[in-house]
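See below for the structure under consideration.
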Amino acid sequence: MLSSSSTTVKNLLLKKRLCFLLKLVCYVSSVFIFCEFLIYYVVIFQCRWPEVKGGAHMSEKETSASVLRAIILADTHLLGEIKGHWLDKLRREWQMERSFQTALWLLEPDIVFILGDVFDEGKWSLPQAWADDVRRFRKMFKFPASTELVVVVGNHDIGFHYEMTTYKVNRFGKVFNFTSGKLITRKGINFVLVNSVAMEGDGCTLCRTTEAKLVALSHKLNCSQQHYPLYRKSDAECTGEDSASPEEKNIPFKEKYDVLSQEASQKLIWWFHPRLILSGHTHSACEVLHAGKIPEVSVPSFSWRNRNNPSFIMGSITPTDFSLQKCFLPYESRVFTIYCAAGALLVILILAHFQLLTPPFYFAQRLISKHKAV
């Protein structure tokens, strides 16, 4: 009789412990799934395509036929084998993959532009490392047949001007079907892709070839996509929560390093008179008017390694008009706060379960228990 009673008590204790353990597993799993998967849907779901003039009166079918919906992002900086720690690489690539795939699923863009610095170490990658980086990129940024992906070259992909070689340029071009001065026309809208690294103006072979192609296409351009921003003195006039920090805004930009030279910038404006210029490189957002009428939008980095609040641009574009809207991704600091709060609550639950809380906590727990009993 005593043996049977003792066995029953042990079984009840075991069931309680297993039940508590199961609750903890469900709690931890729920927090993890939310922070690493669901949060991207919650945040990006709030983003809406901007409307162009007359777009509000169009049906969905008419909008789909006449308005090009484009996502523009920049500076993904996939880490390489030299500088990339495996944990940092795993974390950043997961964040970008989930953001990109969620955006494609929810927003269904017609085309996606990546404005350079796809890789962090492309400028010095050996063939095997380059192949591994490309493989990881294709996994992260895979896209459906209904969406087109266009990638522009950046200085981290082929090196700055003094590091750039024909081999590196051709290697990048072969993977991404990129050539400087390439014209892309979609729904009557012309985009010219510019290798801004080759706009050095020193007469190098690659520079001469790039400029010759751009001159030949100059009469067709109305939108420009490139990595380097056009010349500006600094980010002092840039505003917005994802602009450069106050400490960085007044640091003067170096021509041909942070921005294009004044000469190269003037050439692009004189040749093409574009109605919109999109660029990356600075990792921070900025909007500038050139010649008092030509807007340039610097797209901030898409990687959490470069900023706490990455974002991308959503553009609704027609042959005569365009409208841009920014879509922010989850703030890493907020994700970290959720983990910290969940961890603190987990510790309290465990201590409460084993009655290891300090007297004030234990007293509060007893009061709550008595209140429930009443």
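- Between Glu97 and Lys139 there is a salt bridge, since at least one side-chain N of the basic residue sits less than 4.0 Å from a carboxylate O of the acidic one.
- One finds the CZ atom of Phe328 at 5.5 Å from the CG atom of Asn309 (value rounded to the nearest 0.5 Å).
- Around the CD atom of Glu287, the shell of radius 6.0 Å holds no more than 12 heavy atoms that belong to other residues, nucleotides or ligands.
- Counting heavy-atom neighbours within 6.0 Å of Phe20 CZ, excluding the residue itself, gives a total above 12.
- Residues Phe32 and Phe37 have side chains not in contact (no heavy-atom distance under 4.5 Å, counting atoms from C-beta outward).
- Side-chain contact check for Pro274 versus Ile294: some heavy-atom pair is nearer than 4.5 Å.
- Connection of Val215 to Ile269 is established within a shared hydrophobic cluster, with ILVMFWY side chains joined at heavy-atom distances below 4.5 Å, either directly or through further cluster members.
- Classified by interplanar angle (parallel below 30°, tilted 30° to 60°, perpendicular above 60°), the ring pair His283/His77 is perpendicular.
- For Tyr257 and Phe253, the ring centers are positioned 6.0 Å apart or more.
- A cation-pi arrangement is absent between Arg305 and Phe302, since the terminal nitrogen or guanidinium carbon is not both under 6.0 Å from the aromatic centre and inside a 45° cone about the axis.
- A side-chain donor-acceptor contact under 3.5 Å links Gln95 and Glu332.
- A salt bridge links Arg135 to Asp132: at least one charged side-chain nitrogen sits closer than 4.0 Å to a carboxylate oxygen.
- Although no hydrogens or angles enter the test, the distance criterion places no donor-acceptor pair under 3.5 Å between the side chain of Arg98 and the main chain of Ile39.
- Trp49 places no side-chain N or O within 3.5 Å of a backbone atom of Met314 that could act as its donor or acceptor partner.
- Closest heavy-atom contact between Thr318 and Ser66: CG2-O, 3.9 Å.
- The backbone N or O of Gly201 lies less than 3.5 Å from no partner atom in the side chain of Lys256, so there is not a single donor-acceptor pair.
- Nearest heavy-atom pair, Ser234 versus Pro252, reported as atom, atom and distance to 0.1 Å: CB-CA, 4.3 Å.
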Could you check Asp321 against Ser323 for side-chain contact (heavy atoms from CB on, under 4.5 Å), going step by step and ending with a plain yes or no?
CA-CA 7 Å; Asp321 196 16; Ser323 182; 6.0 Å; no
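- For the pair Thr282 and Arg232, the minimum side-chain heavy-atom distance is below 4.5 Å.
- Put simply, the side chain of Ser146 does not reach to within 4.5 Å of the side chain of Glu108, judged on heavy atoms.
- Without hydrogens or angle criteria, Gln325 side chain to Cys47 main chain gives no donor-acceptor distance under 3.5 Å.
- Contact check for Val134 versus Arg138: side-chain heavy atoms found under the 4.5 Å cut-off.
- In the hydrophobic cluster analysis, where Ile, Leu, Val, Met, Phe, Trp and Tyr join through side-chain heavy atoms closer than 4.5 angstrom, Val42 is grouped together with Tyr40.
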side-chain contact (heavy atoms from CB on, under 4.5 Å) between Leu217 and Asn190: does it pass, once the steps are laid out?
CA-CA 10 Å; Leu217 289 171; Asn190 295 326; over 6 Å; no
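- Atoms CG and CG, from Leu24 and Leu346 in turn, are 6.0 Å apart once rounded to the nearest 0.5 Å.
- Partners of Asn155 by side chain to side chain donor-acceptor pair (under 3.5 Å), not counting sequence neighbours, listed by chain and number: His227, His281.
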Would Trp105 and Ile44 count as a side-chain contact (heavy atoms from CB on, under 4.5 Å) here? Give the steps.
CA-CA 10 Å; Trp105 191 78; Ile44 297 176; over 6 Å; no
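- The minimum heavy-atom distance between Cys238 and Ala285, with the atom names listed, is CB-O, 3.9 Å.
- Side-chain heavy atoms closer than 4.5 Å link hydrophobic residues (I, L, V, M, F, W, Y) into clusters, and following such links, possibly through other members, connects Phe113 to Leu329.
- Classification of the Phe119-Phe137 ring pair by plane angle, with boundaries at 30° and 60°, yields perpendicular.
- Between the Arg307 side chain and the Asp242 main chain, a donor and an acceptor come within less than 3.5 Å of each other.
- With hydrogens and angles disregarded, a donor-acceptor distance shorter than 3.5 Å links the side chain of Ser180 to the backbone of Asn195.
- Aromatic ring pairs are classed by plane angle as parallel below 30°, tilted from 30° to 60° and perpendicular above 60°; the pair Tyr162 and Phe160 is parallel.
- Under the 4.5 Å side-chain criterion, counting only non-hydrogen atoms from C-beta, Val335 is not in contact with Trp304.
- No donor-acceptor pair under 3.5 Å is formed between the side chain of Asp157 and the backbone N or O of Gly122.
- The two atoms that bring Ser301 and Asn306 nearest to each other are OG-ND2, 2.9 Å, heavy atoms only.
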Can you check side-chain contact (heavy atoms from CB on, under 4.5 Å) on Tyr228 and Met199, steps first, answer last?
CA-CA 10 Å; Tyr228 282 1; Met199 295 296 294; over 6 Å; no
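- Counting heavy atoms from C-beta outward, Thr76 and Ser303 have side chains that stay 4.5 Å or more apart.
- The line from CZ of Arg186 to CD1 of Ile111 is 5.5 Å long, rounded to the nearest 0.5 Å.
- No side-chain heavy atom of Phe100 sits less than 4.5 Å from a side-chain heavy atom of Met96.
- More than 12 heavy atoms of other residues, nucleotides or ligands shown are found within 6.0 angstrom of OH on Tyr41.
- Evaluation of the ring-ring contact (aromatic ring centres under 6.0 Å, His included) rule for Tyr27 yields no partner, not counting sequence neighbours.
- A salt bridge is defined here as a Lys NZ or Arg NE, NH1 or NH2 lying under 4.0 Å from an Asp or Glu carboxylate O, and Lys267 with Glu211 meets this definition.
- In this model, no donor atom of one side chain and acceptor atom of the other lie less than 3.5 Å apart for Glu263 and Ser261.
- In this structure, Arg69 contributes its side chain and Asp110 its backbone to no donor-acceptor pair below 3.5 Å.
- A distance of 12.5 Å separates NZ in Lys23 from CG in Leu18, rounded to the nearest 0.5 Å.
- The two residues His156 and Asp117 have their closest heavy-atom pair at N-OD1, 2.7 Å.
- Note: the hydrophobic cluster containing Leu104 also contains Met140 (ILVMFWY, side chain heavy atoms under 4.5 Å, direct or indirect links).
- Distance check: Phe178 CZ to Leu193 CG gives 6.0 Å after rounding to the nearest 0.5 Å.
- Side chain to side chain, Ser279 and Glu296 meet the donor-acceptor criterion of an N or O pair below 3.5 Å.
- Annotation: the span from Leu206 atom CG to Thr165 atom OG1 amounts to 8.0 Å, rounded to 0.5 Å.
- For the pair Lys187 (side chain) and Ile317 (backbone), a donor-acceptor distance under 3.5 Å is absent.
- Other residues, nucleotides and ligands contribute at most 12 non-hydrogen atoms within 6.0 Å of the CD atom of Gln128.
- No continuous path of hydrophobic side-chain contacts links Trp124 to Val118 [ILVMFWY only; heavy atoms under 4.5 Å].
- Ion pairing of Arg91 with Glu36 is present here, as a side-chain N (NZ or NE/NH1/NH2) and a carboxylate O approach within less than 4.0 Å.
- Atom CD of Glu237 has 12 or fewer heavy atoms from other residues, nucleotides or ligands within 6.0 Å.
- For the pair Thr210 and Ala198, the tightest heavy-atom approach, listed with the atom from each and the gap, is OG1-CB, 3.4 Å.
- More than 12 heavy-atom neighbours from other residues, nucleotides or ligands sit within 6.0 angstrom of NZ on Lys142.
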